[in-house]
J.: 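First the structure, which I've put down as structure tokens, then a few questions once you've had a look.
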Amino acid sequence: MSKLVVTSIGPASSVQDGGRPGSQRYGLTPSGAMDRLSLAAANTLVGNEPFAAAVEIGPFGASFTARDGAVRVGISGAPRNADIGGRPVAFDSSATLAEGETLTLGFARGGAFTYLAIEGAIKGEPVFGSLAVNARAGLGSPYPRPLQSGDELTTQAASGAPERRIEMPAATDAPIRIVFGPQDDEFDEANKALFLDSEWKISATSDRMGYRLEGPAIKHLHGHNIVSDGTVNGSIQVPGNGAPIALMMDRGTSGGYPKIATVITADVGRFAQISAGRPFRFKAVTMAEAQAEAIKFHEMLRSLPDRLRGIEDFGLNIEALRDANVAGQAVNAVDVSTWQVALP
């Protein structure tokens, strides 16, 4: 067995998988990856099951070193600079660390979470059927807490399989789609319109339990207390102060504040990737539209193996890099799809 040792890591980083579906009946939050599509893409790159356990890396940088053999990894999610021993690594691709080599990841750009999958998946003891970490509850494996420097993730030795890249959908700044309810009748039409027409930002005090939304106060018709009922990922509840909170993967299983709306399944991951302080808007859709988008989302998950492509050998052409930047738009020196020249 090989090990990937955490040599440095920021907060909000932990082992996550597909979560614990069916656990809410016991009052246990599902947890799991904030962005399921990116988790599945990273795992697909190294031949794992889509929702196998991987490292969910928060906005800050991290580094990992291979021990007791080579380790093959797949990287997807919020882009960031990546290199292995100073050798650039393209995003949405796989790469292999030789024994003793270190993968270094910079700060996230244009997102919040990056997923690092390890070929053979992370080994651990399932807790209620999952390795997913819920730090508040002390659940998860191999560490029931955020990752720290010195932690060791055990997996199989690298297989030597050819490296791959994966073609992901283009990023979009389109509004986050919601369906109103289940307690939208606790808000008048003016406040529902205010919810849709306003620009929102995610507070820096947000976490995996809930995203606090900064914007106008949303007023209730009959007060902010209701009989507690069930929640789902993306439930948007409005407490007494009128500042909405979107419930995320480590949420409670029930809540006693009126829920004005729910983020549709297809947009939960995209919503989770919005960086703190970046403005966005909501858009209301019908239940039928939400269901149709959920079907498209699951079709996308199933299509990931068909999106794999081989990685060509590229040489660094300094003249091409200079010309590309002089042309008026800065480019990424390790983005092989823009300007690098294939070797004969």
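Along the sequence shown, the residues carry numbers beginning at 1. These values consider heavy atoms only, across backbone and side chains, with no hydrogens, waters or symmetry-generated copies.
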J.: Step through the shown structure and confirm whether more than 12 heavy atoms of other residues, nucleotides or ligands are within 6.0 Å of CG on Asp173.
T.: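 Atom CG in Asp173 is not packed in, count stays at 12 or less.
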
J.: Any chance CD of Glu199 has more than 12 other-residue heavy atoms, nucleotides or ligands included, within less than 6.0 Å?
T.: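 Count over threshold, so yes.
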
J.: Atom CD1 in Ile202, atom CD in Gln273: separation rounded to 0.5 Å?
T.: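 That separation rounds to 10.0 Å.
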
J.: Please determine whether side-chain contact (heavy atoms from CB on, under 4.5 Å) holds for the pair Arg270 and Thr172, giving the CA-CA distance in whole Å, both sets of side-chain angles, and the decisive distance to 0.1 Å.
T.: CA-CA 9 Å; Arg270 188 163 65 89; Thr172 175; 3.7 Å; yes

J.: Could you measure the distance from the OG1 atom of Thr205 to the CD atom of Glu214? Nearest 0.5 Å is fine.
T.: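 The CD atom of Glu214 is 7.0 Å from OG1 of Thr205, to the nearest 0.5 Å.
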
J.: Report, as yes or no, whether the 6.0 Å neighbourhood of atom OH on Tyr257 holds more than 12 heavy atoms from other residues, nucleotides or ligands.
T.: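 For Tyr257, atom OH is not crowded (no more than 12 foreign heavy atoms under 6.0 Å).
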
J.: List the steps, then state whether salt bridge (Lys or Arg N to Asp or Glu O under 4.0 Å) holds for Glu101 with Arg87.
T.: CA-CA 10 Å; Glu101 283 192 319; Arg87 182 176 75 254; 3.6 Å; yes

J.: Is a donor on one side and an acceptor on the other found under 3.5 Å between the side chain of Asp17 and the backbone of Leu131?
T.: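 Flag set: sc Asp17 to bb Leu131 pair under 3.5 Å.
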
J.: Whether the Ser31 and Gln16 side chains hold a donor-acceptor pair (N or O, under 3.5 Å, no angle test) is what I'd like checked.
T.: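 Short answer, no.
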
J.: Show every ring pair (Phe, Tyr, Trp, His ring centres under 6.0 Å) that has at least one partner inside residues 172-196, sequence neighbours left out.
T.: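 Every pair satisfying ring pair (Phe, Tyr, Trp, His ring centres under 6.0 Å) with a residue in residues 172-196: Phe187-His220, Phe195-Trp200, Phe195-Phe282.
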
J.: Thr102 and Ser63: side-chain donor and acceptor closer than 3.5 Å?
T.: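 No donor-acceptor contact under 3.5 Å links the two side chains.
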
J.: Is the shortest heavy-atom distance from the side chain of Ile178 to the side chain of Ile260 under 4.5 Å?
T.: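 Heavy-atom side-chain distance check fails, nothing below 4.5 Å.
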
J.: Does any part of the side chain of Val6, heavy atoms only, come nearer than 4.5 Å to the side chain of Val55, both counted from C-beta?
T.: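 Result no, sub-4.5 Å side-chain heavy-atom pair not found.
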
J.: Between Arg309 and Asp92, is a salt bridge (Lys or Arg N to Asp or Glu O under 4.0 Å) present by the stated rule, with each step listed?
T.: CA-CA 11 Å; Arg309 302 288 185 270; Asp92 290 327; over 6 Å; no

J.: So which atom in Val15 and which in Pro142 form the shortest heavy-atom distance, rounded to 0.1 Å?
T.: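 The answer is CG2-CD, 4.1 Å.
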
J.: Check the surroundings of atom CZ in Arg281: do more than 12 heavy atoms from other residues, nucleotides or ligands lie under 6.0 Å from it?
T.: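 Buried by this count: over 12 neighbours within 6.0 Å.
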
J.: Looking only at side chains, do Arg251 and Ser235 share a donor and an acceptor under 3.5 Å apart?
T.: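 Short answer, no.
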
J.: Please report the shortest heavy-atom distance between Ala52 and Leu39, naming the atom on each side.
T.: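 What the structure gives for the nearest pair is O-CD1, 3.6 Å.
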
J.: Are Gln148 and Pro146 side-chain neighbours, meaning at least one heavy-atom pair lies under 4.5 Å?
T.: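 SC-SC contact between Gln148 and Pro146 ruled out.
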
J.: Does any part of the side chain of Val285, heavy atoms only, come nearer than 4.5 Å to the side chain of Glu293, both counted from C-beta?
T.: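 They are not in contact (no side-chain heavy atoms under 4.5 Å apart), so the answer is no.
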
J.: So Val133 and Glu56, do their side chains get closer than 4.5 Å, heavy atoms only?
T.: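 Result no, sub-4.5 Å side-chain heavy-atom pair not found.
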
J.: Check whether the side chains of Arg208 and Asn134 place a donor and an acceptor atom closer than 3.5 Å, and report yes or no.
T.: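 Absent: no donor and acceptor within the cut-off.
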
J.: Please check if the side chain of Gln237 supplies one atom and the backbone of Lys259 the other of a donor-acceptor pair under 3.5 Å.
T.: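 Here the side-chain-to-backbone pair does not exist.
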
J.: Can you measure from CG (Asn233) to CZ (Arg36) and round to the nearest 0.5 angstrom?
T.: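 Going from CG on Asn233 over to CZ on Arg36, the span is 8.5 Å.
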
J.: Check the pair Asp250 / Arg136 against salt bridge (Lys or Arg N to Asp or Glu O under 4.0 Å), numbers first and verdict last.
T.: CA-CA 8 Å; Asp250 286 350; Arg136 281 186 172 85; 5.6 Å; no

J.: Once you round to the nearest 0.5 Å, how far does OG of Ser94 lie from CD of Glu163?
T.: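 Going from the OG atom of Ser94 to the CD atom of Glu163 covers 3.5 Å.
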
J.: What closest approach, in Å, do Ser13 and Gly58 show between heavy atoms, and which atom pair accounts for it?
T.: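 Closest approach of Ser13 to Gly58, heavy atoms only: OG-N, 3.0 Å.
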
J.: For the residue pair Val89 and Ile75, what are the closest heavy atoms and their distance?
T.: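 Closest heavy-atom pair between Val89 and Ile75: CG1-CD1, 4.2 Å.
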
J.: Which residue, Ile118, Thr96, Leu97, Thr155, forms the side-chain contact (heavy atoms from CB on, under 4.5 Å) with Arg72?
T.: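 For Arg72, the side-chain contact (heavy atoms from CB on, under 4.5 Å) check succeeds only for Thr96.
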
J.: Give the intermediate values and the outcome of side-chain contact (heavy atoms from CB on, under 4.5 Å) for residues Phe91 and Thr114.
T.: CA-CA 10 Å; Phe91 227 73; Thr114 298; 3.4 Å; yes

J.: Restricting to non-hydrogen atoms, name the atom on Lys219 and the atom on Asn191 that form the minimum distance, rounded to 0.1 Å.
T.: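 Here Lys219 and Asn191 meet closest at N-OD1, 2.9 Å.
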
J.: Check this for me: does any side-chain nitrogen of one of Glu189 and Lys192 sit under 4.0 Å from a carboxylate oxygen of the other?
T.: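 Here Glu189 pairs with Lys192 in a salt bridge, since their nearest N and O are under 4.0 Å apart.
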
J.: Would you compute the distance between atom CG of Leu147 and atom CD of Glu152 and round it to the nearest 0.5 angstrom?
T.: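 Atom-to-atom, Leu147:CG and Glu152:CD are 12.0 Å apart.
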
J.: I'd like to check the ring-ring contact (aromatic ring centres under 6.0 Å, His included) partners of Phe60; sequence neighbours left out, ordered by chain and number.
T.: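 If we apply the ring-ring contact (aromatic ring centres under 6.0 Å, His included) test to Phe60, skipping adjacent residues, the hits are Phe107.
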
